[in-house]
Amino acid sequence: MTGGYLVLERPNAGIVLSTNARFYAIVKPLYDEIRPESWAWGWTDVKLTSPQMSRETMYKLSLKHLKLQPVSSRQVYAVAAAHATLDKDKKDTLQRLLLQGLDITILGCNEFYSYRNQIEARGLPLTPKSLASLPPFASITFNAEESTGENRKPEVAKTGLGSSAAMTTAVVAALLHYLGVVNLSSLDEDQLQGKKDVADLDVVHVIAQTAHCIAQGKVGSGFDVSSAVYGSQRYIRFSPEVLSSVQNAGMATPLIEVIDDVLKAKWDHERTKFSLPPLMTLLLGEPGCGGSSTPSMVGAVKKWQRSNPQDSLETWRRLSEGNSALEAHLNTLSKLAERHYNAYECIINACSLLPAEKWLERANEPTQAEIVKELLGARDAMLRIRYQMRKMGEAAGIPIEPESQSQLLDATMNMEGILLAGIPGAGGFDAVFAVTLGASSKNVTQAWSSLNVLAMLVREDPHGVALENNDPRAKEITTAVSSIQLE
């Protein structure tokens, strides 16, 4: 929600809201018994299935080098973590599990992908009800195959919820739990909220960050993986140096030693519990303008920073001030709700029926006036953030807040009961978000539909990774992880 671009550099913070869209990873033995040839050859089989993409791929896993064939550069960091952390007795169990092969199934909620084309093809309106009519984990169709019959890419666009980080975290968490490295079933509600020791989640976080960074070929801010693991939070990135050992690792250094170094490194990221104040709802809308490439946009901003250091520093300073102000107003509203809930509930419900310029008229006593002052302060902070983001985009030559998005956001901000409207993360054409007061979200989804914006079936869910006992399709044990959301 705040921190786009800035969160790439310490000590800038970003507010990240996790949602109820989830990736599921299901891990079980591929074979009922250990195969003799696995003992003899030092290889085991790994089957990876994506039902939504109608794909099933078989790999050979080298038990010595922990590399997958035929993709020899892919290493299994979760398995390396098991070797690095488990004692001798548990390593015997680990070896038996690996020799039985790994059967991994991955499922992503529909909210990660755009189904506008399917909805329009059915002649349905662009409403959440139409989205809900789709079957769960709907198939992702493909473009026509290329002449070689290879490199088919999903036709359905992503919606900007951080699917790669969510999927990586789900698979890592599922493997680590299955192999006995962590015990996710021990996580209770207090632990998920960060009130107790979360050592197991910390292991999931380190391995997921490592795998995600190596898969992407770069060390990003890591906000998306962190929120997938821990849920909604205020986040400050880790120092990239913690991953230097795995980036520089060659064949001379066993992967187990590299992962051991990563696990023991000083991970200096900072995360603080955060969630929206009571009686506020997060909405996400898909404008249908096509997606944006975050890496290319980040590259353009970095190029601008190098060429205009003075101007970029001033813009970032003002952005940081706006981000801090919005965070402070939201935190103050949460505290006011705790201390004066009746007054808070009354004024929020009253404001939900009115445009912002009339909110103060409904404040009947000092506490309500103070709450409205904070609401208006949050709106002003978001407007300042949007202005600086547009300014940065213009200077860098990229559409961080394109004109079409600006018109949509301005129209949304003028609706009754709207606290905030903005672009998540790096911006562009992926999505817009709004934070509504009271019961006003229904009116917003209707208004968005008339503006050709599809309101998604997504709400804030502050929880991160969790073990679930019901496979969405069958009764398998699953590991689910929350999607990534707003930077």
Side-chain angles (χ1 to χ4, degrees), residues 22-83 93-109 112-113 136-142 145 149-154 163-164 166-182 184 204 207-208 210-212 214-215 255 465 467-481:
R22 291 186 167 256
F23 258 92
Y24 296 83
I26 305 154
V27 180
K28 58 186 179 181
L30 185 56
Y31 307 115
D32 293 334
E33 298 178 351
I34 295 173
R35 306 183 86 192
E37 56 265 36
S38 294
W39 280 111
W41 298 339
W43 293 84
T44 192
D45 293 325
V46 177
K47 183 172 80 169
L48 184 62
T49 305
S50 172
Q52 289 162 285
M53 295 188 181
S54 301
R55 284 190 171 179
E56 182 180 293
T57 309
M58 290 292 298
Y59 298 96
K60 293 286 186 182
L61 171 64
S62 166
L63 297 179
K64 180 179 181 181
H65 300 293
L66 303 182
K67 285 192 173 184
L68 292 173
Q69 296 283 4
V71 192
S72 59
S73 61
R74 293 279 175 86
Q75 296 174 308
V76 188
Y77 299 100
V79 178
H83 279 288
T93 302
L94 169 66
Q95 192 73 355
R96 287 195 296 274
L97 286 173
L98 292 176
L99 288 170
Q100 284 182 263
L102 296 171
D103 185 351
I104 305 169
T105 302
I106 301 171
L107 296 164
C109 286
F112 289 101
Y113 307 103
F137 312 108
S139 295
I140 299 172
T141 56
F142 288 84
E145 293 186 27
E150 297 177 353
N151 299 320
R152 293 191 305 165
K153 294 184 178 181
S163 56
S164 63
M167 181 188 69
T168 300
T169 304
V171 174
V172 165
L175 281 169
L176 291 175
H177 182 84
Y178 176 74
L179 298 175
V181 180
V182 300
L184 297 179
V204 173
I207 301 302
T210 302
H212 193 241
I214 297 303
L255 180 61
V465 70
L467 187 74
E468 299 194 357
N469 292 319
N470 293 305
D471 184 325
R473 309 154 307 150
K475 298 296 181 182
E476 302 281 356
I477 293 181
T478 67
T479 299
V481 62

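Just so you know, these numbers use all the heavy atoms, side chains as well, and skip hydrogens, waters and symmetry mates. If you're wondering where the values come from, they're calculated on a predicted model, not measured in any experiment.
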Query raised in the report: Which heavy atom in A81 sits nearest to a heavy atom in I207, and how many Å separate them?
Result: CB-CD1, 3.7 Å
Query raised in the report: Any side-chain heavy atom of H212 sitting closer than 4.5 Å to one from S164?
Result: yes
Report task. Can you measure from CD (Q100) to CD (Q95) and round to the nearest 0.5 angstrom? Result -> 11.5 Å
Query raised in the report: Do the side chains of L97 and P29 get nearer than 4.5 Å, heavy atoms only?
Result: no
Query raised in the report: If we only count heavy atoms from C-beta on, is the L63 to T44 side-chain gap below 4.5 Å?
Result: yes
Query - Identified side-chain contact (heavy atoms from CB on, under 4.5 Å) counterpart of Y77 within the set V172, L176, I214 - result: I214
Requested in this report: Evaluate the side-chain proximity of F137 to S50: yes if any heavy-atom separation is below 4.5 Å, no if none is.
Outcome: no
Report task. Indicate the atoms forming the closest heavy-atom contact of W43 with K67, along with that distance. Result -> CZ3-O, 4.2 Å
Query - Pairwise distance CG(L255) to NE2(H83) - rounded to 0.5 angstrom - result: 9.5 Å
Query raised in the report: Does any non-hydrogen side-chain atom of L99 lie less than 4.5 Å from one of E33?
Result: no
Report summary line: Applying side chain to side chain contact (heavy atoms under 4.5 Å, CB included) to A138 and not counting sequence neighbours gives N110, Y115, P135
Query raised in the report: Which atom names give the shortest non-hydrogen contact between Y59 and L68, and what distance separates them?
Result: CB-CD2, 3.8 Å
Query raised in the report: Roughly how far, to the nearest 0.5 Å, is the CG atom of L61 from the CG atom of D45?
Result: 9.5 Å
**Report entry** Check against side-chain contact (heavy atoms from CB on, under 4.5 Å), R55 and T49
**Finding:** CA-CA 6 Å; R55 284 190 171 179; T49 305; over 6 Å; no
Query raised in the report: What heavy-atom pair brings A208 and T169 nearest, and what distance separates the two atoms?
Result: CB-OG1, 3.9 Å
Query - Check: L48 and I106 side chains under 4.5 Å, non-hydrogen atoms - result: yes
Report task. Please work out which of the three classes, parallel, tilted or perpendicular, describes the rings of F112 and F23, given edges at 30° and 60°. Result -> tilted
**Report entry** Smallest separation among heavy atoms of A170 and A25, with atom names
**Finding:** O-CB, 3.4 Å
Query raised in the report: Taking only residues two or more places apart in sequence, or in another chain, which ones meet A82 in a side chain to side chain contact (heavy atoms under 4.5 Å, CB included)?
Result: L86, L94, L179, V181
